[in-house]
There are 2 protein chains.
Amino acid sequence: MWMEIDLQSEVPIYTQLVDQLIEGIASEQLKPGDPLPSVRSLAADLGINLHTVNKAYQILKQDGFLQVHRKQGVVVQPGGMPGVDAAFRAKLARGLRTLAAEAAVRGMSEAEFAAQSAAVYRQLTTKGEETK
Amino acid sequence: MWMEIDLQSEVPIYTQLVDQLIEGIASEQLKPGDPLPSVRSLAADLGINLHTVNKAYQILKQDGFLQVHRKQGVVVQPGGMPGVDAAFRAKLARGLRTLAAEAAVRGMSEAEFAAQSAAVYRQLTTKGEETK
DNA sequence: ACGTCTGTTATACTTATAATATAACAGATA
DNA sequence: TATCTGTTATATTATAAGTATAACAGACGT
């Protein structure tokens with residue numbers, strides 16, 4: 001598997017899994033309908049517990065990014081990803097506010113901050129492409 | 001005091017304090033040299049423990065946003081705020097990546113994401129102004 | 001000098017979360 | 001029948017968050 005976990009990080013393992021899977025979908029390394037490794041095999045690959053993987057899958061399933069077929073295991077949501085709802089707008093605004101505040105205090109301009117945001121977005125969504 | 005704490009939130013109280021104080025500096029509600037309430041009085045005002053406030057102050061002192069004079073208590077850093085160093089760039093990139101990934105998956109465009117970033121920054125830095 | 005405020009440190013306790021360790025169950029597959 | 005899947009349950013350990021007291025040294029005003 002292409003995932004990497006930092007056991008020394010202060011951010012919980014299941015959160016790292018959730019973030020990396022969402023980034024995988026954003027970069028189209030994971031496409032709608034793609035199968036994901038079973039909770040047991042992924043846990044074994046990463047050297048962590050089954051339940052830690054399961055917790056990440058549950059969160060992504062709850063948010064509508066994954067589906068479970070009881071047949072071929074877990075699959076990336078095939079029928080359209082969830083859109084930009086009020087809950088996400090609030091989550092986004094809260095996260096951006098914290099980052100923007102420290103950026104402003106440290107002397108980073110609004111233009112720089114917006115440019116950095118765009119740069120990160122672009123780098124993320126063009127990760128799986130080789131030819132230009 | 002103008003601070004508000006959500007005891008039901010999943011984000012730690014001391015983190016809420018750190019974030020709000022940085023936002024206060026960014027919005028110029030807190031200016032360099034301004035005195036901050038003592039750990040005991042602020043804890044009493046918010047109905048929380050002395051050590052929780054102290055932990056927030058320690059973090060901000062460590063990062064160079066606050067100063068302690070052993071005289072008039074804690075004060076907003078008077079001699080210039082810390083700039084944009086490598087550590088902050090890494091922290092910013094990591095935070096933006098998580099937000100940008102989910103935004104992209106949910107169908108928000110790069111332009112929208114950048115615009116939202118700029119909007120949050122602007123709203124934050126123009127909070128203490130009334131006349132235009 | 002005295003009392004009071006300041007930040008700071010130390011200790012102990014409770015609570016909640018993260019993570020692990022087993023175990024078992026029901027459905028699907030070969 | 002085996003073996004895989006997700007799911008659920010229970011128990012345990014480890015760590016972080018928050019609280020509760022207590023004490024100390026420096027600075028201040030009286």
Side-chain angles (χ1 to χ4, degrees), chain A residues 1 3-22 30 33-79 98, chain B residues 1 3-21 30 33-79 91 98:
Chain A
M1 193 64 181
M3 307 197 66
E4 287 181 7
I5 293 301
D6 180 11
L7 297 176
Q8 314 305 326
S9 173
E10 74 291 348
V11 37
I13 300 178
Y14 75 90
T15 302
Q16 297 184 39
L17 292 176
V18 168
D19 290 345
Q20 290 196 29
L21 288 171
I22 293 181
L30 287 176
D34 279 359
L36 266 61
S38 75
V39 291
R40 287 178 176 84
S41 66
L42 181 53
D45 279 4
L46 298 175
I48 60 178
N49 191 272
L50 165 161
H51 294 100
T52 307
V53 176
N54 187 252
K55 186 170 183 177
Y57 280 2
Q58 284 298 323
I59 292 175
L60 292 168
K61 171 188 170 189
Q62 181 71 24
D63 287 356
F65 297 124
L66 298 184
Q67 245 187 23
V68 180
H69 276 101
R70 191 61 125 169
K71 172 182 178 178
Q72 192 61 19
V74 181
V75 167
V76 178
Q77 178 74 34
T98 303
Chain B
M1 191 66 182
M3 308 197 66
E4 288 182 8
I5 293 300
D6 180 11
L7 297 176
Q8 315 304 328
S9 173
E10 76 290 347
V11 38
I13 299 177
Y14 75 90
T15 302
Q16 297 183 40
L17 291 176
V18 168
D19 290 345
Q20 290 194 29
L21 287 171
L30 288 176
D34 280 359
L36 265 62
S38 74
V39 291
R40 287 178 176 83
S41 66
L42 181 53
D45 279 5
L46 299 176
I48 60 178
N49 191 272
L50 165 161
H51 295 101
T52 306
V53 176
N54 187 252
K55 185 170 184 177
Y57 280 2
Q58 285 298 323
I59 292 176
L60 291 168
K61 170 189 170 188
Q62 181 71 23
D63 286 355
F65 298 123
L66 298 184
Q67 243 186 26
V68 179
H69 276 101
R70 191 61 125 167
K71 173 182 178 178
Q72 192 61 20
V74 181
V75 167
V76 178
Q77 178 75 32
K91 176 183 175 184
T98 304

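Letters go in sequence order (proteins before strands), and every chain restarts at 1.
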Looking only at heavy atoms, the pair that brings A/L17 and A/V53 closest together is CD1-CA, 4.0 Å

Discussion item. Can you see if the side chain of A/K55 gets near the phosphate of C/dA19 - specifically, an N or O under 4.0 Å from OP1 or OP2?
Written reply: no

Closest of C/dG7, D/dT5, D/dT7 to the A/V39 side chain is D/dT7

Whole-Å distance, B/H69 NE2 to C/dT8 C1', equals 17 Å

Rounded to the nearest 0.5 Å, the CD atom of A/Q67 sits from the CG atom of A/L36 at a distance of 12.5 Å

In whole angstroms, the gap separating P of C/dC5 from CG of B/L42 amounts to 17 Å

**Prompt:** Quick one: is C/dT8 close enough that its OP1 or OP2 comes under 4.0 Å of any side-chain N or O from B/Q58?
**Reply:** yes

Expected rows: protein N/O vs nucleotides 20-27 of chain C N/O, under 3.5 Å:
unit_1, atom_1, unit_2, atom_2, d
C/dT20, OP2, A/N49, N, 3.0
C/dT20, OP2, A/T52, OG1, 2.7
C/dT22, O4, A/H51, NE2, 3.2
C/dA24, N6, A/R40, NH2, 3.3

Rounded to whole Å, CG of A/L66 lies from P of D/dT5 at a distance of 16 Å

Rounded to whole Å, the CD-P distance (B/Q67 to C/dG7) equals 14 Å

To the nearest 0.5 Å, atom CD of A/Q58 lies from atom CG of A/D63 at 11.0 Å

A/D6 atom CG is separated from C/dA18 atom C1', nearest whole Å, by 15 Å

note: A/I59, atom CD1; C/dT17, atom C1'; distance rounded to Å ~ 13 Å

request  = Determine: side-chain N/O of A/K61 to OP1/OP2 of D/dT7, distance under 4.0 Å, yes or no.
outcome  = yes

Smallest heavy-atom separation, A/Y57 atom then A/V74 atom, equals CD2-CG2, 3.7 Å

Rounding to 0.5 Å, atoms CE (B/M3) and CG (B/L46) come to a distance of 7.0 Å

To the nearest 0.5 Å, atom CG of A/L42 lies from atom CG of A/N54 at 11.0 Å

Phosphate OP1/OP2 of D/dA17: any B/Y14 side-chain N/O under 4.0 Å: yes

d(A/N49 CG, A/R40 CZ) to nearest 0.5 Å is 10.5 Å

Would you say A/N54 reaches D/dT7's phosphate, i.e. side-chain N/O to OP1/OP2 under 4.0 Å?
-> yes

Between CG of A/L46 and C1' of C/dA19 the distance, given in whole Å, is 14 Å

When rounded to whole Å, the CD to P distance for the pair A/Q8 and D/dA16 reads 11 Å

